[in-house]
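Single-structure report; data block below.
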Amino acid sequence: LTLAVVLPQHNLTYPWAWPRVGPAVRLATAAVNSRRDLLPGFTLGWVFGNSEDRHGVCSDIAAPLVAVDLRLAHHPAAFLGPGCVYSAAPVARFTSHWQLPLITVGAEAHGFDDKSKEFALTTRAGPSHRKLGELGVQLHRRFNWTRRALLVYWDEGMDDRPYYFAAEGLYMQLPTLRNLTVGHVVFRHGGNFSFIIQEIKAKGR
């Protein structure tokens with residue numbers, strides 16, 4: 001049995017980078033193979049594919065291409081990674097089509113909660129932004145915040161957009177509270193912070 005690993009090869013800014021995750025994959029593989037009762041008649045192995053582009057960042061182009069190459073060359077039984085949202089989404093769509101499970105500690109975005117079609121075989125072992133949204137709902141109930149919620153977040157729209165997807169979890173869950181108005185304000189490098197403060201003053205309470 002082969003496990004296909006699709007992760008950033010060098011960039012340690014990602015918690016799921018290969019230098020961080022690789023030792024665990026090696027240890028887990030060795031542990032499984034030392035227990036003949038776990039997979040009788042099989043030996044577990046792994047192959048690696050780099051999800052980084054030439055600049056060393058997660059790529060929604062490199063990751064699916066690598067996944068297809070690994071699928072054709074090694075016929076893996078499952079995929080581990082990618083972790084970044086924009087890399088994980090196309091790979092998860094492919095693995096769903098191939099009827100293969102994908103396990104990731106990333107892919108936190110709210111859209112991965114939809115298990116009806118394209119992400120049916122995706123399992124997230126890490127936190128999700130939906131859970132952050134559910135926490136926000138519980139806090140609003142606990143403190144009786146019942147009228148307005150204003151989400152203010154940074155979004156350059158050029159990276160993996162972690163703050164956008166974190167805010168999305170809140171934005172999708174908070175409306176489950178009756179009569180709660182949810183707004184959002186985006187700020188970027190060089191933005192008008194006076195405007196943002198006025199928005200908070202006018203809409204955030």
Side-chain angles (χ1 to χ4, degrees), residues 6-8 13-17 20-21 24 51 57-58 60 63 78-96 101-205:
V6 182
L7 294 171
T13 61
Y14 301 113
W16 44 75
R20 300 181 191 278
V21 177
S51 63
V57 298
C58 282
D60 60 344
F79 278 76
L80 177 64
C84 299
V85 170
Y86 288 119
S87 299
V91 175
R93 293 184 183 105
F94 277 133
T95 58
S96 179
L102 182 148
I103 303 168
T104 178
V105 296
E108 310 98 325
H110 196 275
F112 288 94
D113 291 332
D114 183 4
K115 301 301 181 183
S116 61
K117 293 182 181 178
E118 56 191 4
F119 303 125
L121 297 178
T122 300
T123 299
R124 294 178 294 182
S128 73
H129 293 319
R130 179 188 182 90
K131 292 298 182 183
L132 175 63
E134 291 173 355
L135 172 63
V137 169
Q138 293 302 317
L139 287 173
H140 276 69
R141 286 179 176 151
R142 172 67 176 82
F143 294 105
N144 198 31
W145 298 334
T146 57
R147 292 189 299 166
R148 300 183 195 174
L150 182 65
L151 305 175
V152 182
Y153 58 94
W154 181 280
D155 184 26
E156 291 289 348
M158 298 174 62
D159 55 6
D160 211 41
R161 306 180 77 187
Y163 310 112
Y164 168 84
F165 287 115
E168 180 193 33
L170 289 161
Y171 191 81
M172 298 298 289
Q173 292 299 312
L174 286 175
T176 62
L177 295 166
R178 289 185 179 180
N179 300 320
L180 181 71
T181 301
V182 182
H184 65 100
V185 176
V186 181
F187 64 95
R188 298 178 175 85
H189 181 71
N192 186 342
F193 293 98
S194 295
F195 168 76
I196 293 171
I197 292 171
Q198 291 301 317
E199 285 289 286
I200 294 171
K201 181 178 178 181
K203 300 178 181 178
R205 53 181 175 169

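Values reported hereafter were calculated over all heavy atoms of this structure, with side chains retained and with hydrogens, waters and symmetry mates removed.
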Assess whether atom OH of Tyr86 is packed by more than 12 heavy atoms of other residues, nucleotides or ligands within 6.0 Å. yes
Any His140 side-chain heavy atom under 4.5 Å of Thr146 side chain: no
So, the side chain of Asp160 versus the backbone of Pro162: is there a donor-acceptor pair under 3.5 Å, distance only? no
Do the side chain of Thr104 and the main chain of Arg124 share a donor and acceptor less than 3.5 angstrom apart? no
In terms of relative ring orientation, are Tyr171 and His184 parallel, tilted or perpendicular, with 30° and 60° separating the classes? perpendicular
Where is the tightest heavy-atom contact between Leu102 and Pro82, given as atom of each residue plus distance? CD1-CD, 4.3 Å
In Å and rounded to the nearest 0.5 Å, what is the NE2 to CG distance from His110 to Leu132? 10.5 Å
Nearest-0.5 Å distance, OG1 of residue Thr95 to CZ of residue Phe119: 9.0 Å
Counting C-beta onward and ignoring hydrogens, is there a side-chain heavy-atom pair between Leu174 and Val137 closer than 4.5 Å? yes
Nearest 0.5 Å, what's the CD1-OG1 distance between Ile103 and Thr122? 10.0 Å
Any chance you could measure Lys131, atom NZ, to Glu108, atom CD, to the nearest 0.5 Å? 15.0 Å
Does the side chain of Tyr14 come within less than 4.5 Å of Cys84's, by heavy atoms? yes
Flag if over 12 foreign heavy atoms under 6.0 Å of NZ, Lys115: yes
CG/Leu139 to CG/Asn144 distance, rounded to the nearest 0.5 angstrom? 13.0 Å
Looking at side-chain heavy atoms only, is the closest gap between Arg130 and Gln173 below 4.5 Å? yes
Is Ser96 reaching over with its side chain to a backbone N or O of Arg93, donor-acceptor style, under 3.5 angstrom? no
